[in-house]
Amino acid sequence: MSKNPIYLDCHATTPMDKRVLQEMLPYFTEHFGNPSSITHAYGWEAEAAVKTARNTIADAIHCNQSEIIFTSGATEANNLAIKGVAEAYFSKGQHIITVQTEHRAVLDPCKYLETLGFQVTFLPVQKDGLIDLAQLEKAIRPDTILVSVMAANNEIGVIQPLAAIGEICRQHKVLFHTDAAQAIGKIPLDVENMKIDLMSLTGHKVYGPKGIGALYLRRRNPRVQIAAQIVGGGQERGIRSGTLYTPQIVGFAKAVALGLAEMESETKRQLQLRELLWQNLNQLEGIHLNGHPKQRLPGNLNVSVEGVDGTALLLSLQQVCAISAGSACSSSSIAPSHVLTALGHGEKLAYASLRFGIGRFNTKAEIEQVSQEILTSIKSLRKFQA
Ligand SMILES: *Cc1c(COP(=O)(O)O)cnc(C)c1O
């Protein structure tokens with residue numbers, strides 16, 4: 001039996017923290033009640049747990065608990081935010097601004113809205129992956145209803161200047177949505193300081209369970225209108241129907257709380273590991289860092305390697321480590337990643353790109369081992385291909 005490869009794909013998903021699982025377990029069995037059952041103790045117990053979890057998540061992003069709408073994850077939250085705002089503000093305008101490097105869960109709802117007659121501006125990014133604020137401001141029109149810019153990129157880890165974007169949107173009275181799936185529990189998020197009106201969150205990128213997330217929806221200054229996309233029992237103030245998934249909600253909140261409590265020490269630790277990995281790999285000729293060198297998630301490293309076939313490289317590393325080429329969601333396709341393409345890379349460089357997502361459970365020994373194996377692999381592939 002071969003050993004499991006070292007997991008370095010934390011932008012695709014993270015292992016669940018055992019402390020999160022412990023918190024969730026009683027809500028599958030003993031406390032199984034429906035939080036909407038108001039006539040008995042089973043319901044009250046579940047309702048209380050959901051309330052506590054909602055408060056924890058609200059505190060983490062500095063909003064009121066009534067502004068948190070639980071969803072099945074960030075994909076659903078993005079769909080609810082973008083389609084929900086489009087539908088609610090249809091008579092005000094039909095123009096939306098987003099960015100070429102967004103996750104598919106933002107790009108695809110926008111493209112869907114285009115088929116309904118909405119106009120969408122897909123802003124380019126600069127070479128470092130950051131948007132140009134002047135370009136954003138110039139793109140705002142009288143009929144613009146929404147700007148959607150992600151907090152942290154899932155491929156190159158680049159962190160967009162949220163507070164500056166929020167300021168521009170507020171000045172022009174345009175709603176600001178951010179997909180913070182990669183950011184929650186990793187970098188500080190404050191919807192007041194950053195003037196964010198809608199924010200998508202998910203549990204499974206922050207050592208919590210899959211299948212749970214939330215949309216933050218501002219209720220004052222301004223009060224955001226939204227059209228429900230899933231209707232039924234009227235849960236979550238009618239904005240998102242469906243029986244609340246208590247264990248997942250409890251786990252999501254615990255994961256967010258742990259992320260916050262350990263953010264400072266983890267950031268420092270992951271930065272050290274990331275720098276170590278980059279220093280090791282950078283010994284090679286023809287290796288390039290993708291994305292801004294500093295303004296990025298501490299655990300993210302994304303590199304392009306010249307003179308090797310990306311697929312061959314990943315194949316040769318399969319037993320060693322679990323990493324991905326570009327985005328996991330599209331890694332089965334052979335097209336170069338839309339994010340690296342937006343950075344202005346030619347197809348060749350984009351092909352031989354590696355995305356590392358270092359996480360809470362990775363160690364220095366793992367990083368050293370992976371570095372050496374990658375160096376060996378690249379050198380032998382280059383020799384073979386030359
Ligand atoms: C993972 C991810 C999503 C999708 O989140 P799910 O909870 O899996 O639906 C959306 N946006 C970004 C930036 C992500 O990294």
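Along the sequence shown, residues are numbered consecutively beginning with 1. What you see below is based on every heavy atom in this structure, not just the backbone, and it leaves out hydrogens, waters and symmetry mates. One-based numbering, in listed order, for ligands and for the atoms of each.
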Legend entry - Identity and distance of the protein heavy atom lying nearest atom 8 (O) of ligand 1: His204 NE2, 2.8 Å
Inset, instruction - Between Lys210, His103, Lys205, flag the one that comes closest to atom 15 (O) of ligand 1 by a heavy atom. - result: Lys205
Legend entry - Check: Glu45/His31 side-chain N/O donor and acceptor closer than 3.5 Å: yes
Inset, instruction - With side chain to side chain donor-acceptor pair (under 3.5 Å) as the test, would you mind laying out the steps for Gln94 and Asp143 before giving the verdict? - result: CA-CA 6 Å; Gln94 288 135 50; Asp143 61 341; over 6 Å; no
Inset, instruction - Count the heavy atoms belonging to other residues, nucleotides or ligands that lie under 6.0 Å from OH of Tyr112, then report whether that count exceeds 12. - result: no
Inset, instruction - Please work out which of the three classes, parallel, tilted or perpendicular, describes the rings of Phe118 and Phe90, given edges at 30° and 60°. - result: perpendicular
Inset, instruction - State the atoms of ligand 1, each with its element, that fall below the 4.0 Å cut-off from a heavy-atom position in Gly73. - result: 7 (O)
Inset, instruction - Examine Ala74 against ligand 1 and note whether any of their N/O atoms are separated by less than 3.5 Å. - result: yes
Inset, instruction - Supply the atom-to-atom distance Arg237 CZ to Ile226 CD1, rounded to the nearest 0.5 angstrom. - result: 10.0 Å
Inset, instruction - Could you pull out the closest heavy-atom pair between Leu273 and Ile367, with the gap in Å? - result: O-CG2, 3.8 Å
Inset, instruction - Would you mind checking which non-hydrogen protein atom is closest to atom 7 (O) of ligand 1, with the distance to 0.1 Å? - result: Thr202 OG1, 2.6 Å
Legend entry - Proximity winner for atom 11 (N) of ligand 1, if only heavy atoms of Asp179, Thr101, Thr75 are counted: Asp179
Legend entry - Under 4.0 Å to a heavy atom of Met150 - the qualifying atoms of ligand 1, by number: 13 (C)
Legend entry - Residue pair Glu87, Gln229: steps toward the side chain to side chain donor-acceptor pair (under 3.5 Å) verdict: CA-CA 10 Å; Glu87 205 177 319; Gln229 301 299 305; 3.3 Å; yes
Legend entry - Under 4.0 Å to a heavy atom of Asn154 - the qualifying atoms of ligand 1, by number: 13 (C), 15 (O)
Inset, instruction - Looking only at distances, please establish whether an N/O atom of ligand 1 is found under 3.5 Å from an N/O atom of Gln182. - result: yes
